[in-house]
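Order of the sequence lines sets the chain letters (A, B, ...), proteins ahead of strands, with each chain counted from 1.
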Amino acid sequence: MIRILLVIVCFLTGCAPSITDTDFFREHPTDPEDTSVALAVIRDGRLSINLMAPDSLRMGASILWVEAAVDGVPVSDGDFRVLSKWAAGARTVSSPLGTVKLVRTDRPGRFEGAPLFIAPHGEEGDWQLQITYTAGGESGEAVLPVEIQSSIWVQYTDGYYVSWVRPVHPVTGLDVIEFALHRLVDEQFLPLEDARIDLFPWMDMGAGQGHSTPYEAPVHVHHGRYRGSVNFIMSGGWEVTVFIQRAGTVQDTVYFKGFTVS
Amino acid sequence: MRLVRNLWIWCLLPVCIGPAQAQNIVHGHVVDALTGTAIGSASVMVLDRGTGTTTDGNGHFELALPEGEYELRISFVGYTPAEFTVSAGSVSQDHLRIPLMPAVIAVDEVVVQSSSPRINDPATASHHLKATEDLLDRVPGTDFVQRANFAWEPVIRGLSGGQVGLVIDGIKVVGACVDKMDPSSSYVEVENLKKLELTKGGFDLTQASQIGGTINLVTRKPRFDRPLYADAEVNYSSAAKLRQGRVSGGGSHKNTSVRGSFSYKEAGDFSPGGQNPIPGSGFKKNNYKLDLSQRVGRQHEFTASFLGDNAWEVGYPVLLMDAALAKAKIYSLTYVWTPGLHWISRWETKLYTNRVDHWMSDFDRNVWERPVMRAMHMPMFGKTRTTGGLSTLELAHGVHRLKVTLDAYQTKSFGDMWMFSVFENIPDMYLLNLGDVRVRHGAIALDLTSRLRPGLTARIGVRLDHSPRDVLRDEAVAVLQGRWNISTLARSYTLAGASFSLTRSIGSENLLRLSLANVGRLPTHVENYGHYVYNYVDGYFYTGNPALKPERSTQAELGFERWTSRLALRASVFGNYIQHYIAGENDGSLSGNMTLRFRTYQNASAVLLLGGELSAVIDFRKWFEWTATASYTRGQNLELDEPMYLIPPLSGGSSLRVMRDRWSSELEIRMAMPQNRVAQKLADEDVTDGYFVVNVRGRMQPGSGAVSRHMEISAGVNNIFDVYYHKHLSYGNLPSLGRDLYLTVTYSL
Ligand SMILES: [Cu+2]
């Protein structure tokens with residue numbers, strides 16, 4: 001009797017349809033492909049330095065990796081600094097955020113940082129990356145040409161530049177958001193420290209629908225950098241409108257539009 | 001339901017007993033459990049046989065039964081019905097002392113009796129039961145939130161969800177759907193329901209921390225009184241083209257017994273009164289249960305239970321989504337010790353675990369046309385995992401009875417959704433509705449009943465709950481911490497509640513009851529930690545609030561019962577004042593356009609609920625009776641000075657019932673007055689018209705032949721006049737079924 005019932009139950013258990021997550025979320029995005037790019041290799045004695053990036057380098061803050069090894073063994077200690085520069089003929093303009101020190105990551109031998117690539121508005125030129133290193137008993141400096149894609153992350157308005165410094169890759173949840181405001185005078189970006197900034201983050205859900213998300217307006221911290229926060233409540237496509245009010249001028253508005261929050 | 005105690009004996013039917021066997025006389029003595037005094041005129045019923053008797057003036061009764069084990073149900077006005085298993089023919093058990101506990105809290109106990117319906121009870125349906133809801137629906141003061149023609153969510157005196165305690169054999173099963181499509185009452189199919197115990201108001205603190213009432217669905221367990229038994233039933237109902245079949249059966253051998261059941265039902269699009277079928281309103285569902293009981297000696301009994309339920313392709317035409325699949329698996333292990341000591345009467349301990357999974361989709365919908373979340377598909381998934389234990393010790397001392405309950409469980413909940421826009425340029429959107437929310441809950445409840453003096457019984461209940469809770473998934477933590485600007489979402493609640501009831505007998509026919517309570521209920525996991533959860537009542541998307549305070553209720557109830565040989569009358573009035581009432585408040589930190597609106601849960605307001613219920617049965621002949629019920633609840637939001645939403649209007653029913661040897665029939669009216677008291681500030685609730693529906697039903701045993709005497713046929717027409725109506729608590733004004741012809745054939749062995 002018990003056996004018969006057990007058989008019946010086992011049979012019946014299987015008679016409801018089953019849904020696996022992949023069947024159900026039929027448009028479920030697959031894992032992102034590896035988009036990393038190799039930029040350059042520097043060899044100095046037994047030290048080798050692979051300069052890489054998770055994605056093609058772009059205007060604005062862009063993540064850069066250094067993978068350093070001595071005789072193929074990843075180095076755990078090292079000092080790597082990069083400075084991004086734009087050049088046209090004899091004219092060279094350095095990033096207003098200066099030299100960026102790369103920090104060690106969880107991956108052995110990898111150091112990471114996000115230098116800011118910013119160019120004079122409307123001008124053609126080339127990009128260089130100056131890298132200074134001390135690792136594996138060697139130290140030195142190299143200047144490498146790099147390709148930089150245009151992007152939404154640096155906006156130009158009314159004679160000054162608004163750069164989105166961080167988050168480089170916005171994620172769901174509370175993100176510290178930081179903008180840098182600069183004016184270009186001759187060959188130098190000078191900080192604008194007198195602005196009042198407000199934001200409006202917005203998600204366009206299509207068909208005219210959309211919603212905002214909680215945020216705190218950035219305030220000036222130092223050298224033209226303004227820091228606030230945005231709490232992205234879901235992943236997907238977002239845009240952030242930045243309202244900039246400077247003494248004695250009309251309010252300027254720039255849009256960072258067309259990025260996704262993961 | 002206890003409603004008719006000394007009355008129901010009049011209409012018990014002599015049902016065939018089978019081949020002549022040696023008859024054994026079982027003697028019993030029914031006494032008051034607290035005082036030991038004899039209870040005369042108590043009803044003694046042999047369950048599943050339909051025979052019975054009453055006790056004489058000294059509380060004694062005699063039953064002639066063939067050798068075997070039987071389950072007796074003994075009941076009397078003012079006492080909690082008791083069930084006892086007796087062995088006819090066994091020397092040790094032929095003289096039974098049966099103590100009945102005074103019932104100090106009003107318990108509506110609806111007993112499911114497949115073969116012999118109790119027609120003189122307004123709450124018992126004398127027609128066939130399509131679902132457990134049919135039974136609950138007849139208890140005055142009980143209503144349902146209807147989201148589809150499927151899995152209605154019980155509402156007691158205008159309260160529901162986290163405000164009421166809904167359990168299956170005491171087991172907590174937490175729904176996995178953030179839209180509450182899966183109330184656990186839908187997991188107990190009629191073939192597995194032995195009885196349901198329902199208390200209104202926050203007076204019974206043994207089941208849950210609650211302020212609205214409790215529902216315990218007591219399932220059928222293996223029986224030891226028959227070596228082999230089986231039932232089968234097929235049913236067809238026309239309005240939803242519902243086809244269902246159920247089989248159940250089991251067997252016992254010495255100290256081992258097993259019972260199993262399976263049912264399947266499938267409904268098509270249902271037709272409301274006078275209209276074409278509503279597209280996408282059908283469902284498919286199966287349900288299975290297996291129980292194994294083992295007795296060890298006379299004192300120990302172990303039961304391992306499994307209950308499984310699957311529903312799929314469930315259409316929710318008035319919601320944004322359909323349920324693609326809903327699965328529940330409930331496992332438990334129960335140990336009962338009946339030591340036969342005079343101070344420990346019973347100790348029951350249960351360990352359980354259950355898992356609920358829920359998938360919703362709108363892939364079959366025209367997403368261009370809907371006003372909310374237009375032009376996107378948004379599959380949703382939810383799951384809960386609950387594990388817990390429940391232990392109840394019943395102690396006796398003189399005129400005092402003490403029940404000590406330890407109740408502990410943990411639930412982990414997860415829910416997420418994708419949004420896939422139909423536009424190529426809109427990237428896929430994803431969010432966590434519940435990011436691994438962990439709720440731990442521990443409680444101790446004491447329930448003391450004392451006979452103060454003859455005719456006066458008091459009951460005191462106290463309960464202490466402790467519930468730490470947190471969110472475990474980083475992504476969800478980041479969003480909620482950012483929203484509330486707090487460094488931790490962890491929260492720990494401690495909550496105490498107390499209730500007091502006094503019952504006074506006035507003469508032998510009347511009973512007066514006063515109940516008072518000051519109790520609380522904890523926020524649900526969604527109210528604390530939900531994210532972007534759509535509320536169909538007000539049309540807002542909700543964010544949970546980790547800082548919510550528990551709702552606090554102060555309530556009182558006055559009850560009156562009268563029992564004579566021809567009349568049973570029960571009436572109650574209640575008031576329930578709830579502070580820290582959890583309701584939505586507009587979320588200033590989030591804005592949306594079109595239909596995207598945002599709220600958070602806040603302890604915004606105080607509310608007051610007032611109301612009452614009435615039920616009556618008049619027995620004209622042994623075979624002819626009239627029943628009537630009515631209930632009313634008035635809910636007022638005191639802070640906003642407007643009516644509360646989802647409050648049922650004045651409603652009731654009445655029926656005339658005839659029951660003869662081989663057949664029974666019923667003419668029933670169900671009606672509701674219009675509900676014009678609606679919420680306009682907290683929600684844009686619309687008024688609802690009244691309705692008046694007439695049903696006729698019949699049931700017969702076709703014959704006494706070898707096959708036909710095992711058969712029963714029931715048929716009827718619900719909503720004869722094909723009236724189009726919807727109930728006030730149905731979402732999106734989803735109409736109720738139109739004219740519904742049904743035919744059911746049951747075969748029992
Ligand atoms: Cu659902």
Side-chain angles (χ1 to χ4, degrees), chain A residues 1-30 171-176 200-216 229-239 257-262, chain B residues 228 249-251 253 258 260 262 264 284 286 288 290 292 306 308 310-313 324-325 327 359 361 363 368 373-377 379 381 418-423 425-432 474-479 481-483 531-532 541 543 589-596 598:
Chain A
M1 188 71 204
I2 296 171
R3 200 178 301 162
I4 294 167
L5 278 169
L6 283 174
V7 168
I8 291 170
V9 166
C10 291
F11 166 73
L12 298 170
T13 315
C15 81
S18 74
I19 291 181
T20 64
D21 286 15
T22 43
D23 283 344
F24 184 62
F25 296 121
R26 64 179 87 167
E27 295 168 57
H28 196 303
T30 47
V171 293
T172 313
L174 194 64
D175 288 53
V176 171
F200 193 62
W202 184 255
M203 169 178 259
D204 178 3
M205 301 179 101
Q209 307 162 105
H211 61 82
S212 72
T213 202
Y215 68 94
E216 265 179 52
S229 67
V230 178
N231 185 20
F232 291 109
I233 57 170
M234 67 172 81
S235 75
W238 286 87
E239 58 193 67
K257 186 172 178 175
F259 65 94
T260 59
V261 170
S262 53
Chain B
L228 215 57
H253 180 66
V258 65
F262 174 73
Y264 176 75
K284 297 183 174 76
N286 68 22
Y288 40 99
L290 184 68
L292 180 66
F306 168 66
N310 299 297
W312 62 102
E313 294 170 31
L325 176 62
K327 288 161 70 158
W359 289 267
S361 89
F363 291 123
W368 285 100
M373 303 299 258
R374 184 183 299 160
M376 67 177 82
H377 291 285
F381 171 65
W418 280 97
M419 285 149 282
F420 303 124
S421 174
V422 300
F423 299 106
N425 64 326
I426 304 289
D428 296 343
M429 295 156 271
Y430 175 81
L431 66 85
L432 283 169
D474 291 344
E475 199 180 328
V477 172
V479 169
Q481 279 184 353
R483 171 60 189 79
H531 172 52
Y532 217 97
F541 289 85
T543 302
S589 72
L590 263 178
S591 62
N593 64 7
M594 315 272 288
T595 51
L596 292 165
F598 299 89

Interchain contact, [X] with chain A, by part (heavy-atom threshold 4.5 Å):
X      : answer
B:Y532 : side chain
B:M419 : side chain
B:F598 : side chain

Heavy-atom contact with chain B under 4.5 Å, split by part of [X]:
X      : value
A:W238 : neither
A:F232 : backbone
A:F259 : neither

Margin query: I need the residue from A:G210, A:G206, A:G173 with the largest number of non-hydrogen atom pairs under 4.5 Å to chain B.
Written below: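 Highest number of pairs under 4.5 Å: A:G210.
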
Next item on the list: Mind ranking A:T213, A:V171, A:T260 by heavy-atom pairs under 4.5 Å with chain B and telling me who comes out on top?
Entry: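 Most heavy-atom pairs under 4.5 Å with chain B: A:T213.
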
[X] side chain to [Y] main-chain N or O, any donor-acceptor pair under 3.5 Å?
X      : Y      : value
A:T172 : B:E475 : no
A:S212 : B:S591 : yes
B:H531 : A:I233 : yes
A:Q209 : B:L596 : no

Notebook entry, point to check: So do the side chains of B:L590 and A:P214 get within less than 4.5 Å of each other, counting heavy atoms only?
Noted result: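 Yes - at least one pair of side-chain heavy atoms lies under 4.5 Å apart.
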
Next item on the list: Verify side-chain contact (heavy atoms from CB on, under 4.5 Å) between B:I426 and A:D204, making sure each step is shown before the conclusion.
Entry: CA-CA 7 Å; B:I426 304 289; A:D204 178 3; 3.8 Å; yes

Notebook entry, point to check: How close do B:P427 and A:G236 get, heavy atom to heavy atom, and via which atoms?
Noted result: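 Result for this residue pair: CB-C, 4.4 Å.
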
Next item on the list: Write down the atom of A:A207, the atom of B:A375, and the distance for their closest heavy-atom approach.
Entry: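 For A:A207 and B:A375, the tightest heavy-atom pair comes out as CB-CB, 3.8 Å.
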
Next item on the list: Kindly determine whether B:Y430 and A:M234 satisfy side-chain contact (heavy atoms from CB on, under 4.5 Å), including the steps that lead there.
Entry: CA-CA 6 Å; B:Y430 175 81; A:M234 67 172 81; over 6 Å; no

Notebook entry, point to check: For the candidates B:Q481, B:R483, B:R374, which exhibits the highest count of non-hydrogen atom pairs separated by less than 4.5 Å from chain A?
Noted result: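 Highest number of heavy-atom pairs under 4.5 Å: B:R374.
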
